[in-house]
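Excluded from the calculations below are hydrogen atoms, water molecules and symmetry mates; all remaining heavy atoms, backbone and side chain alike, are included. In the text below, chain A, chain B and the rest are named by the order of the sequence lines, each starting its count at 1.
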Amino acid sequence: MVGIENNERRGVVRRVTTFFDGATAEMLGHTKSAIMDVSHILDHLNEPQREAVTAPLGNALVLAGAGSGKTRVLVHRIAWLIEAEGVSPFGVLAVTFTNKAAAEMRQRIEALLDIPIRGLWVGTFHGISHRLLRMHWQEAKLPQNFQVLDADDQLRLVKRVMRSLDIDEHRWPARQATWFINGHKDEGRRANSLPDDNDLFQMTHKRIYENYEELCNQGGLVDFAELLLRSHELWLDKPELLAHYQHRLGHLLVDEFQDTNTIQYAWLRVLAGSNGCVMAVGDDDQSIYGWRGARIENIQRYSDDFKDVATIRLEQNYRSTGNILRAANSLIRRNAGRLGKELWTAGGDGEPIRLYAAYNDLDEARFITERAQGVIDTGGSPDDVAVLYRSNAQSRVIEEALMLAGIPYRIHGGFRFFERAEIKNALSYMRLIHDRHADPAFERVVNTPTRGIGEKTVEVIRHEARERSVSLWQACKDAIVDGRLSGRAAGSVGAFLKLVDDLAEACDELELHELTEIVIRDSGLLEFHGREPGERGLARKENLQELVNATRQFTGELVFPLQDDDAAEVSMLQEFLDQAALDAGEAQAGSGPAVQLMTLHSAKGLEFPTVFLSGLEEGLFPHRMSTEEHGRLEEERRLCYVGMTRAMQQLYLTFAETRRLHGSDSYNRRSRFVDELPHELIHEVRMKTGVEVPFGIPRRPKSEPLQEDGALRIGQRVHHAKFGEGFVLHCEGAGERARVQVNFSGVGEKWLMLGYANLKPMD
DNA sequence: TCTATCACCATTTTT
DNA sequence: TGGTGATAGA
């Protein structure tokens with residue numbers, strides 16, 4: 001029904017160029033909105049936003065700059081489709097990358113439309129693909145109770161495969177093999193489609209991929225990439241099924257389009273078919289996930305691959321001050337091949353961007369802490385402050401400084417709730433209760449808590465299972481009957497089997513949370529983890545309790561409700577386990593206002609009144625590993641752009657001349673990104689005094705200051721009391737912080753503080 | 001089978 | 001520097 005309506009509508013061309021709030025209804029022509037008040041949808045939108053929200057039914061590309069109201073446009077567009085265009089909620093599919101974004105969008109749509117939108121599909125690529133596979137497991141050639149593997153499960157499985165193939169894990173790290181498999185799946189390639197060549201790397205990994213694939217198929221295991229790949233294949237294999245969804249889902253909206261990878265793009269194209277309307281929202285300047293397969297070119301290809309794409313640019317920024325935007329604009333302008341966008345604000349210039357050249361990482365942390373304290377002292381909330389860094393290793397010193405100052409902070413990233421070992425253990429018992437043949441779960445808890453089933457015994461069971469192509473569980477039963485296990489091992493294994501069977505029986509008729517409670521107690525996990533030394537034991541026990549709470553609150557309500565004909569028979573337990581795999585939860589429960597510490601990557605999409613961009617040093621940011629390739633350097637620059645545009649009022653850039661990383665000191669030059677910013681927008685904060693001076697002018701090119709003193713120049717031979725003779729390689733800094741790198745004939749290259757080294761020129 | 005010790009190593013992260 | 005994984009000894 002919906003599909004037919006849509007097809008008719010798509011021919012209708014409506015030009016809506018200007019809106020006057022009072023006149024809106026009259027201007028909408030013959031659509032349903034003529035009799036309906038849609039001002040709540042269109043009020044408070046700027047011109048381009050309204051253009052996007054009310055775009056004619058068809059394909060559209062919305063280039064939404066940072067802070068330009070992207071989510072707002074998506075939400076209002078959906079409301080517009082439903083209320084003004086009369087599209088059924090069942091005909092709309094909104095795709096995001098994270099569960100958080102999906103939840104937020106759903107919530108905002110419901111708030112805007114003031115009614116729960118049953119049937120509206122809002123979810124992640126993975127979540128939606130997963131749902132499809134659950135509904136059409138037979139067509140997708142999966143067992144009904146197939147299991148979703150998370151990254152950790154996958155890695156373990158790959159390791160198991162490699163061991164069974166006798167592949168040296170030193171030479172071929174399992175991480176790399178997993179990377180290889182996922183990389184190809186993300187590109188839509190199955191193991192058998194990879195070419196055979198003489199490349200040992202390729203052939204080894206292909207072999208692993210093939211065996212891994214086989215093991216997954218045998219055990220009904222589906223990893224993240226597989227969800228997408230398989231649902232894509234499902235559509236291609238079953239045209240009638242595809243037709244059903246194409247007909248039903250006539251309106252697709254995709255958030256963060258620049259982050260789509262090859263398979264996601266293909267997935268969308270297939271689903272859209274020739275009649276579907278796709279609204280792609282994204283920002284090529286914020287593409288920072290190329291390293292995990294995202295294809296920035298998808299956003300460029302889109303206009304070619306889809307017909308009659310209307311392009312709308314959202315460039316008015318509602319977040320940052322003029323200075324911040326000007327700096328960000330001029331930074332990103334250095335990247336080539338952009339679709340082009342220039343952020344502007346109706347607000348004022350605001351304060352200058354502040355730059356702090358710290359002596360070392362501790363000094364940097366001290367400065368950040370001091371200024372964060374300043375924000376709090378002047379009535380700000382700790383929540384208003386974010387400290388961003390390139391790599392997680394940088395967080396420690398900042399943490400310590402904040403802790404010392406008694407400023408509450410929260411670190412984003414790290415282990416998330418469902419990724420914690422104790423939680424995964426508990427879930428594994430639950431998984432086994434649900435499906436005795438779930439091998440990954442079996443492997444995980446067969447000897448957790450320790451019950452005398454060692455590696456040797458497990459190896460016997462694995463061998464048995466492989467020989468007969470049965471699950472580990474089945475292999476245990478057989479091995480006991482056939483007497484293939486020693487008396488002692490047979491006893492322990494038998495006890496484990498009985499434990500799980502007993503748990504299953506005891507929990508048969510119970511609510512999910514009651515089951516969970518019994519599982520963590522009777523499996524011995526609660527006691528086992530509680531015994532762990534120190535704070536950790538306590539924390540783990542609490543987490544397990546928290547799991548019980550989570551199951552109690554779990555309603556089984558689907559992320560996106562299904563229409564009656566979609567109804568799939570899925571137990572609450574299954575549902576919960578799936579969700580735990582697909583949504584690992586938040587890393588830390590928020591408790592009170594706190595300064596936010598996170599990587600630049602995880603800051604995307606967020607905003608803060610005060611932002612510290614720390615560690616702006618060559619080698620760290622841009623990261624050493626990204627400086628070689630041009631494309632990767634541009635991605636680093638986009639990352640810097642993302643970081644800067646998080647700031648609403650105040651932006652601090654900091655770097656350290658010396659940094660302790662991995663236990664040894666490193667001396668890095670200030671990041672090129674700092675120098676790519678217009679100097680007039682920056683004030684440099686001087687050490688100790690805190691006095692601000694204009695940035696840029698007095699700074700001389702490196703090595704010059706020393707030359708002027710007539711002391712040293714590059715290449716000059718020098719003598720050091722302890723290291724002997726050498727010649728100067730580099731000079732950096734000035735005054736008390738001046739350093740030289742000298743290549744000594746005896747001890748090699750050394751960095752020395754000029755003030756202390758007492759170098760004697762030799763010529 | 002479990003625990004202590006020692007190399008080894010080290011962007012970014014969601015699903 | 002600190003976390004991880006392999007190995008040796010109890």
Distances under 3.5 Å only, N/O to N/O: pair up the protein atoms with those of nucleotides 5-7 of chain C.
none

Sugar-phosphate only, base, or nothing, as touched by A:R416 at under 4.0 Å among non-hydrogen atoms: sugar-phosphate
Gap between atoms CD and C1', on A:E399 and C:dT1 respectively (whole Å): 14 Å
Contact interval (first through last nucleotide) of DNA chain B with protein chain A, 4.0 Å heavy-atom: B:dT1 to B:dT15
Contact check, side chains of A:Q394 and A:L620, non-hydrogen atoms, under 4.5 Å: yes
Atom pair distance, as rounded to whole Å: CG in A:L362 and P in C:dT1: 12 Å
Ring centre gap for A:W291 and A:H623 strictly below 6.0 Å: no
Between CG on residue A:D223 and NE2 on residue A:H126, distance to nearest 0.5 Å: 10.0 Å
Ring-ring centroid check A:H205 A:F201, cutoff 6.0 Å: yes
Sugar-phosphate only, base, or nothing, as touched by A:R396 at under 4.0 Å among non-hydrogen atoms: sugar-phosphate
Most 5' of A:W291 and A:T457 on DNA chain B, judged by nearest nucleotide: A:T457
Test log, rule salt bridge (charged side-chain N to carboxylate O under 4.0 Å, His left out), inputs A:R484 and A:E464: CA-CA 9 Å; A:R484 281 170 202 258; A:E464 192 83 352; 2.9 Å; yes
